[in-house]
Amino acid sequence: MNELTWLLVGLLIGGCIAAVILCCVQINRISFYEQELHRLRQKLNNKKRPISIALRND
């Protein structure tokens, strides 16, 4: 009975640790995608600016 208790405690602790690690990986992945979206939006805005400035000067 004692071994079963320790097995359940170990599974519970291991499951909690695994969940924390997976959450950290998910947060890191979301952060990476948000950073990539921000970079692409800046790149798109930089491409649009020279065209709009050139049209204003004409």
K.L.:
Please tabulate, for the side chains in residues 4-21, all donor-acceptor contacts under 3.5 angstrom to protein atoms that are two or more places apart in sequence or on a different chain.
P.N.:
residue : atom : partner : partner atom : Å
T5      : OG1  : M1      : O            : 3.1
W6      : NE1  : N2      : OD1          : 3.3

K.L.:
Roughly how far apart are L40 CG and H38 NE2, rounded to 0.5 Å?
P.N.:
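Atom-to-atom, L40:CG and H38:NE2 are 10.5 Å apart.
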K.L.:
Using the test side chain to side chain donor-acceptor pair (under 3.5 Å), find all partners of N28 that sit at least two apart in sequence or belong to another chain.
P.N.:
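Side chain to side chain donor-acceptor pair (under 3.5 Å) check on N28 returns nothing, list empty.
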K.L.:
Check salt bridge (charged side-chain N to carboxylate O under 4.0 Å, His left out) between E36 and all other residues, then give those that pass, not counting sequence neighbours.
P.N.:
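Checked E36 against salt bridge (charged side-chain N to carboxylate O under 4.0 Å, His left out); matches are R39.
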